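A quick write-up on the structure given underneath.
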Number of protein chains: 4
Amino acid sequence: MPKETFLRLRDDKQERILRSAIHEFVENGFDRAKIGDIAKNANVATGSIYQYFQDKRELFVYCAEWGLKVLFKKFNEHMNIADKDIFEYLEDYLAIVKAMDKDREVILFMQLIEKEPSLRDDSMKAMYNVGGEHGKKLIENGKRRGTVRTDIDDDLLMEYYTAVAERFGMRINRHWDFITEMTEEQSQNIQKEFTQMLDILKNGMGC
Amino acid sequence: MPKETFLRLRDDKQERILRSAIHEFVENGFDRAKIGDIAKNANVATGSIYQYFQDKRELFVYCAEWGLKVLFKKFNEHMNIADKDIFEYLEDYLAIVKAMDKDREVILFMQLIEKEPSLRDDSMKAMYNVGGEHGKKLIENGKRRGTVRTDIDDDLLMEYYTAVAERFGMRINRHWDFITEMTEEQSQNIQKEFTQMLDILKNGMGC
Amino acid sequence: MPKETFLRLRDDKQERILRSAIHEFVENGFDRAKIGDIAKNANVATGSIYQYFQDKRELFVYCAEWGLKVLFKKFNEHMNIADKDIFEYLEDYLAIVKAMDKDREVILFMQLIEKEPSLRDDSMKAMYNVGGEHGKKLIENGKRRGTVRTDIDDDLLMEYYTAVAERFGMRINRHWDFITEMTEEQSQNIQKEFTQMLDILKNGMGC
Amino acid sequence: MPKETFLRLRDDKQERILRSAIHEFVENGFDRAKIGDIAKNANVATGSIYQYFQDKRELFVYCAEWGLKVLFKKFNEHMNIADKDIFEYLEDYLAIVKAMDKDREVILFMQLIEKEPSLRDDSMKAMYNVGGEHGKKLIENGKRRGTVRTDIDDDLLMEYYTAVAERFGMRINRHWDFITEMTEEQSQNIQKEFTQMLDILKNGMGC
DNA sequence: CATGAATGAGGTTTCATTCAT
DNA sequence: CATGAATGAAACCTCATTCAT
């Protein structure tokens with residue numbers, strides 16, 4: 001969806017621009033994000049952005065598509081989705097998120113997308129090309145293996161899963177902010193909370 | 001937090017203005033919301049808004065405070081919180097939401113607040129005055145009555161609850177949009193999904 | 001020039017309003033002075049100002065007229081102009097200014113008038129009714145008594161006198177600001193500078 | 001203090017903009033001066049002004065700095081300050097002012113600066129960088145040469161000098177306004193008044 | 001293709017003045 | 001007459017987008 005010009009750029013320049021945009025979007029939201037600042041941080045001229053993308057909107061949408069690609073690529077380096085069910089996936093997800101400092105911002109950006117209703121549809125469509133059936137497959141895996149309840153349809157389960165996973169992801173991020181060197185005790189606390197999260201996701205809050 | 005002038009206005013005028021603002025914010029988000037349009041829809045002059053509120057931001061924050069008050073008032077007309085646990089509450093919550101056509105927008109606005117990071121803190125602070133310990137109390141009730149698991153602390157449970165309830169609330173709203181007259185079948189579908197939601201919340205998605 | 005309504009007010013209320021206006025004008029200049037603040041500080045309603053004066057401009061002009069009246073009245077309580085020449089007058093002027101704490105602001109206001117070119121003409125005209133030939137008379141006195149040089153016409157002398165007196169007046173005010181209790185030394189310094197000022201005025205800076 | 005963008009502009013464009021601003025400020029004062037009009041008269045877009053300067057205030061302050069630079073440059077083309085005393089300087093000053101039709105407005109602007117109390121400090125600071133010790137040096141020259149009295153300190157003398165010179169400058173300007181072709185008689189009148197001014201400055205009005 | 005200056009529509013905010021009570 | 005809410009014109013300033021070099 002970006003112009004040819006952009007795709008012909010060297011990969012590292014493309015990445016510099018997209019990360020700069022993602023940084024700005026995450027920091028300020030879509031409306032307050034300034035093309036000028038994105039350009040400046042990427043060390044390109046403001047006008048150049050318009051050689052690459054139709055407008056701000058298209059840049060945003062492409063960030064979504066690119067960001068998702070990046071995350072999946074990273075994940076897949078660490079694990080094979082095919083034979084995992086959704087709980088294992090989350091466990092890995094959070095562990096991997098922890099390992100990906102550079103991409104923290106990309107993850108935050110993914111969470112931002114839902115919050116821009118006017119852009120959501122376009123971005124989601126773009127993301128669907130990449131992420132599409134990914135989640136559903138994990139749920140199917142779970143159902144087949146008998147770890148996910150089968151009395152509720154995939155769609156509703158996915159909604160539940162996404163909500164909980166996202167919020168817990170944010171919580172983890174909150175706890176990790178500003179922590180560079182973690183004490184043994186901190187590490188254990190996070191590990192404990194982490195186990196609890198997974199347990200709630202599986203078993204709910206009722207008893 | 002609004003100026004004295006606003007508080008001296010007749011109640012119905014105050015409400016007209018706030019609902020107009022909420023409508024605009026929900027429709028366009030904070031940045032794209034135009035004071036001029038808010039004023040026009042409320043049948044007042046643009047300048048008047050600035051007799052009432054310091055600026056757009058203060059208007060937004062006060063909408064949050066007022067909105068929550070309105071919702072709580074409505075809820076409390078229908079049910080007594082004191083002797084309910086959190087599941088019963090949710091059950092009633094959704095039922096009541098269904099009954100409150102006029103306030104649909106206020107509910108959407110409440111969901112919007114989290115999506116405006118720069119305003120979130122101020123709004124949350126204002127809302128806390130109203131909503132504060134409400135949720136925690138419901139969880140305590142549940143733990144005391146033995147319907148909520150006690151092996152996990154209130155804080156994490158609240159986070160989980162909020163995430164799921166909010167997302168399911170949005171889902172319900174999505175289904176209801178544009179439905180004025182509901183067929184018997186539609187009604188049953190919603191009832192069914194609703195029961196399922198409650199079940200997931202209680203028992204999680206695992207088995 | 002104000003409306004009848006204003007002139008029918010009790011004297012102390014008139015004074016309260018005018019002093020409030022003068023305070024605001026001195027503090028902020030004509031443009032940034034707010035009618036609302038003037039009214040608030042005078043303990044009257046904003047609208048009332050418009051019962052008294054056509055508009056902001058007329059209020060300003062009347063402040064000039066009133067202020068000059070007040071100053072002259074104060075001066076005349078302390079000295080008889082008729083038999084003084086211009087140097088004696090200045091000597092007294094500065095001494096009296098020192099004695100009039102309450103009217104410091106009125107004096108500052110008089111100095112402000114020249115700085116509002118667009119209002120100057122109207123204000124000057126109003127002031128002329130009061131102050132008019134005052135200065136000229138003092139110069140004539142001086143010429144008659146032989147203390148003022150006669151080789152230069154009154155007009156140019158007046159211009160010179162006003163410029164120097166005003167600037168020295170501001171300088172005095174600057175030195176006095178924030179001084180409530182004056183030490184013997186400070187008092188002597190001012191007295192000395194004062195004598196010098198008068199000397200320069202009389203004898204110029206040449207030698 | 002302006003943005004880089006401005007300084008990279010061609011000199012004649014910079015000048016066009018600054019003269020347009022000075023014109024507007026002189027005509028209307030700081031508050032009533034409209035950025036839109038400044039831009040229009042300079043043949044640039046309103047927004048461009050904001051590419052060049054942070055805001056109206058910064059534009060004003062830079063006008064002060066630039067204006068003083070221009071005047072000094074012009075003066076220095078006509079005379080060498082180093083070996084002049086303050087009276088000769090004034091003599092030349094007024095003569096040169098007469099010769100500088102194009103810069104009449106710049107001179108008026110310099111006089112305006114004192115009248116904007118809120119901007120005075122910043123502008124003065126900017127001007128000090130340029131004009132700084134200029135006046136003091138002239139006074140020192142005079143004292144050394146024996147043309148300026150030595151019994152009074154430089155500071156007070158400078159205040160006196162500035163007051164008189166400024167006012168006489170304004171008077172000269174007043175007389176010259178609207179005069180394009182001067183009759184012999186007019187010229188002689190001015191010359192006469194001029195000589196008188198210098199005499200008053202030197203010898204005061206006393207006798 | 002890169003650059004960064006130029007543009008101007010559009011929105012927020014201010015406040016003198018009016019007007020209904 | 002007093003009050004203070006209502007009005008809306010007017011001005012500053014922002015920034016996405018265009019365009020000339």
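Just so it is clear: chains get the letters A, B, ... in the order the sequence lines come, proteins before strands, and each one is counted from 1. Computed from a predicted model, the values in this text were never measured in an experiment.
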Between CD of D/Q54 and C1' of F/dC15 the distance, given in whole Å, is 14 Å

Here the distance between atom P of E/dC1 and atom CZ of A/F6, to the nearest Å, is 13 Å

Whole-Å distance, B/K56 NZ to E/dG10 P, equals 15 Å

**OP:** Answer yes or no: is there a side-chain heavy-atom contact under 4.5 Å between D/Y52 and D/Y62?
**Re:** no

Taken to the nearest 0.5 Å, the spacing of D/S20 OG from D/I49 CD1 works out to 7.0 Å

Distances for protein N or O near nucleotides 2-6 of chain E N or O, under 3.5 Å:
residue	atom	partner	partner atom	Å
E/dA2	OP1	A/Y52	OH	3.2
E/dA2	OP2	A/Y52	OH	3.3
E/dA2	N7	A/Q51	NE2	3.0
E/dT3	OP2	A/A45	N	3.4
E/dG4	N7	A/G47	N	3.2
E/dA5	OP1	D/R8	NE	3.0
E/dA5	OP1	D/R8	NH2	3.2
E/dA5	OP2	D/T5	OG1	3.1
E/dA6	OP1	D/K13	NZ	2.2
E/dA6	OP1	D/Y52	OH	3.4
E/dA6	OP2	D/Y52	OH	2.2
E/dA6	N7	D/Q51	NE2	2.7

side-chain hydrogen bond (donor to acceptor under 3.5 Å, both in side chains) filter on B/D11, not counting sequence neighbours, yields none

- request: Could you give me the CA-CA distance, side-chain angles and deciding distance for A/L112 and A/F30, then say whether side chain to side chain contact (heavy atoms under 4.5 Å, CB included) is met?
  value: CA-CA 9 Å; A/L112 169 68; A/F30 182 78; over 6 Å; no

Where DNA chain E forms runs of at least three Watson-Crick or G-U pairs (i with j, i+1 with j-1, under 3.5 Å), the stems are E:2-21 with F:2-21

- May I ask you to say what B/A33 touches in the nucleic acid, namely base, sugar-phosphate or nothing, with a heavy-atom cut-off under 4.0 Å? sugar-phosphate

Exercise. Please check the phosphate of E/dT17 (OP1 and OP2 only) for any side-chain N or O of C/Y50 closer than 4.0 Å.
Key: yes

TODO: For the pair A/R57 and A/D55, find out whether any cationic side-chain nitrogen is under 4.0 Å from an anionic carboxylate oxygen.
DONE: no

Near C/K3 NZ, under 6.0 Å, is it more than 12 heavy atoms from other residues, nucleotides or ligands?
-> yes

Validation row: C/N43, C/R16 side chains within 4.5 angstrom (heavy atoms): yes

Less than 6.0 angstrom separating the ring centers of B/F60 and B/F53, yes or no? no

In whole angstroms, the gap separating C1' of E/dT14 from NZ of B/K3 amounts to 10 Å

